[in-house]
Amino acid sequence: MAGASSGSSSESLAFCTRRPRPRSPSPSAAPAPAVRAAPTTSLWTAGRRATSRTLVLERGGPAPSVPTALVASPPMAGKAPVLTPQSEDFPRWYQDVLNKAELADNGPVRGTMVIRPYAYALWERMVAEVDARIKGAGAENAYFPLFIPESYLQREAEHVEGFSPELAIVTVGGGKELEEPVVVRPTSETVIGEFMAKWVQSYRDLPLLLNQWANVVRWELRPRVFLRTSEFLWQEGHTAHASESDARSYAESILRNVYREFMVDVLAIPVLIGAKIAEERFAGATNTLTCEAMMGDGKALQMGTSHELGQNFATAFDMTFSDEHGEQQVCWTTSWGVSTRMMGGLIMAHGDDAGLRLPPRLAATQVVVIVVRDDDGAVTPAAAGLVADLAAAGVRARLDDRVSTGFGRRATEWELKGVPLRVEVGPRDLADGIVVVARRDDGTKEPRSITDVVPSVPALLAEVQDAMLAAATDARDRRTFDVGSVDAALEAAGEGFARLPWRLVDAAAIARLGASAVTVRCLQSPDGDLPGSTPEDELVAICARAY
RNA sequence: CGGGACGUGGCGCAGUCUGGAAGCGCACCGGCUUUGGGAGCCGGGGGUCGCGAGUUCAAAUCUCGCCGUCCCGACCA
């Protein structure tokens, strides 16, 4: 049972270099109040204290017109929390965020979702950023059909086998039974393979680098908005190469320079990169590379994958070319994708009890300028001027001049929606020549002179971006543990990621982990890079519970 | 697809056990007063009680079936 790679000495290895804190209370241990009473110390209190301190420090002098309410901070005692606290019920919190931040609804058909404008704007930002990087990698966009002949799927044995259970198949069209049923694409390797085979004749046609933005359908048994829906939006890249090494390096390059770079630099989500174990590979791939992120509850989320398909699809679709010597060769192909699942990752990696927190580079609205009140009609024009100046400075800013709605409500709403910076302008500020700038990431507020707030915003946004990445990285690292046994990995996975020597993981170990819903998310070299040429018995298996 | 919980105005819920005129809070609309962290008062609108069959004089309530949602498993971007 224990393979040669899994010596019995494993049980005696040190448990952890960094020991997990006492296992977090299981749901049953956390006494959920019968009525969701307002916590005595709300999140407001913390933020507010920081606020008053900052205000006093920065303003100096008598500061006679510091808005008293900012300092006095009437806590939200007596009010129900806006969202179910994460610590109480993380999945419920996620649902609450989707609803309250107006992100998405369930569609009428099970497993489908409606992406609301605010969330779709975020998706459009993701598309823009990822698309630019894909083009930077040399791939061109194209579009292939939604309907695929069922026979195409069947040409690659593992591919059909893997996807059959989740296919949606159309058997009737135009009121008539179809001669050959058509599959609603679950992914497009097969159609694209068919056409690549047609287009590639010579080594001069290679590499052929294509990408498409599309929707795909995979009938899901257990859907979850953004994370696992029966229809989702994504990008799927498909490439053909003259050699295995060229295909491999391209797949790796997409993972590192497109996906990881986007996730780290734009989403501010630190991701691990690694290779999937055989059981977790894409159906039909010879190697699957992945970006794995940690969510706020310590669970893992696969954020994107890049596959080496070897010659499996090229063989199935007769994708051949003549090489420099006039010899017929079979192509080597890759495919890679990221999807609307990243929306779920974004929400769960950064969100807190007050709602969404958006990294500035992604945020569709980076700064909201709020007219606190406007007694004499002078504040709104000033605020609108700030918005215009911010826009001119390249900042995505918008105005909130809904003064008929109370300030508190609007502030709460923008926090729910995760806008990185709020600029609050009221009559007193105007009289003092200041505005109050509030950061969503850490809740701090400080006054700025109205004349130099605009030029200071880009740097502040950059600071917020960096702080969010640093905080997410720190949170992940605190929940990552080096372990020396399967038992220790199981315990650590209750909390976050376990780094377990791969040589300790045999089939029996995978089964034991699986019994507790813990899986090997990926394999890495000891320094956290892709396995590459690292000897197999030196690899590290990242084990975790996953979405 | 297996186990569990649950479907009552947009959201959260009471009412269901023990059948007998659909209620509450928030949200929404109007008016006035408000507006520097979830406003107040007054007045309104909105629900074939998830859907379909039964039982009954009478069904949100009882019975059966189906659908959906959430959690836990098996499957996945």
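Chain letters run A, B, ... following the sequence lines, proteins first and then strands; every chain starts at 1.
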*asked:* If you go through the side-chain atoms of A:N106, does one of them form a donor-acceptor pair with the base of B:rG68 closer than 3.5 Å?
replied: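 For A:N106, whose side chain was compared with the base of B:rG68, there is no donor-acceptor pair (under 3.5 Å).
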*asked:* Between B:rG36 and A:R428, counting only base atoms on the nucleotide and side-chain atoms on the residue, is there a donor-acceptor pair under 3.5 Å?
replied: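 In this structure, the two groups form a donor-acceptor pair.
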Under 4.0 Å between a side-chain N/O of [X] and OP1 or OP2 of [N], yes or no?
X      : N      : answer
A:R341 : B:rC76 : no
A:R224 : B:rC71 : yes
A:R222 : B:rA74 : no

Need the pair for [N]. Rule: Watson-Crick or G-U wobble, both distances under 3.5 Å, any strand; none if unpaired.
N      : value
B:rG46 : none
B:rG54 : B:rC62
B:rU16 : none
B:rA39 : B:rU33
B:rC26 : B:rG10

Is the shortest side-chain N to carboxylate O distance from [X] to [Y] below 4.0 Å?
X      : Y      : value
A:R409 : A:E413 : no
A:R133 : A:E129 : yes
A:D375 : A:R373 : yes
A:E102 : A:K417 : yes

*Applying side chain to side chain contact (heavy atoms under 4.5 Å, CB included) between A:P359 and each of A:D265, A:I269, A:L346, report the one that passes.*
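For A:P359, the side chain to side chain contact (heavy atoms under 4.5 Å, CB included) test succeeds with only one of A:D265, A:I269, A:L346, which is A:L346.
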*Nearest-nucleotide wise, let me know which of A:L416 and A:E279 is further upstream toward the 5' end of RNA chain B.*
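That would be A:L416.
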*Quick one: on RNA chain B, does A:V425 or A:P223 contact a more 5' nucleotide (nearest heavy atom)?*
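Nearest nucleotide further toward 5': that of A:V425.
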In whole angstrom, give the distance that lies between atom [atom1] of [X] and atom [atom2] of [N].
X      : N      : atom1 : atom2 : result
A:I510 : B:rA74 : CD1   : C1'   : 16 Å
A:R110 : B:rC75 : CZ    : C1'   : 13 Å
A:W219 : B:rC1  : CH2   : P     : 12 Å
A:R218 : B:rC76 : CZ    : P     : 11 Å
A:M113 : B:rG68 : CE    : C1'   : 18 Å
A:I370 : B:rG36 : CD1   : C1'   : 11 Å
A:Q95  : B:rC70 : CD    : C1'   : 7 Å
A:R402 : B:rG38 : CZ    : P     : 15 Å

Mind checking if [X] touches a base, just sugar-phosphate, or nothing, with heavy atoms under 4.0 Å?
X      : value
A:G514 : sugar-phosphate
A:T229 : base
A:G345 : nothing
A:P91  : sugar-phosphate
A:G426 : base
A:R409 : sugar-phosphate

What interatomic distance, in whole Å, is found between [atom1] of [M] and the corresponding atom of [N]?
N      : M      : atom1 : result
B:rG45 : B:rG10 : C1'   : 13 Å
B:rA5  : B:rU63 : P     : 15 Å
B:rG46 : B:rG23 : P     : 12 Å
B:rU35 : B:rG50 : P     : 44 Å
B:rC26 : B:rC62 : P     : 30 Å
B:rU56 : B:rA14 : P     : 31 Å
B:rC17 : B:rC71 : P     : 30 Å
B:rA60 : B:rG20 : P     : 9 Å

*Report the nucleotide, chosen from B:rG73, B:rC76, B:rU35, that has the shortest atom-to-atom distance to any side-chain atom of A:R373.*
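Of the options given, the side chain of A:R373 lies nearest B:rU35.
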*In terms of the angle between their ring planes, are A:F313 and A:H159 parallel, tilted or perpendicular, with boundaries placed at 30° and 60°?*
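Rings of A:F313 and A:H159: perpendicular, as their planes differ by over 60°.
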*Where does the angle between the aromatic ring planes of A:W213 and A:W123 fall among parallel (under 30°), tilted (30 to 60°) and perpendicular (over 60°)?*
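A:W213 vs A:W123 ring planes: perpendicular.
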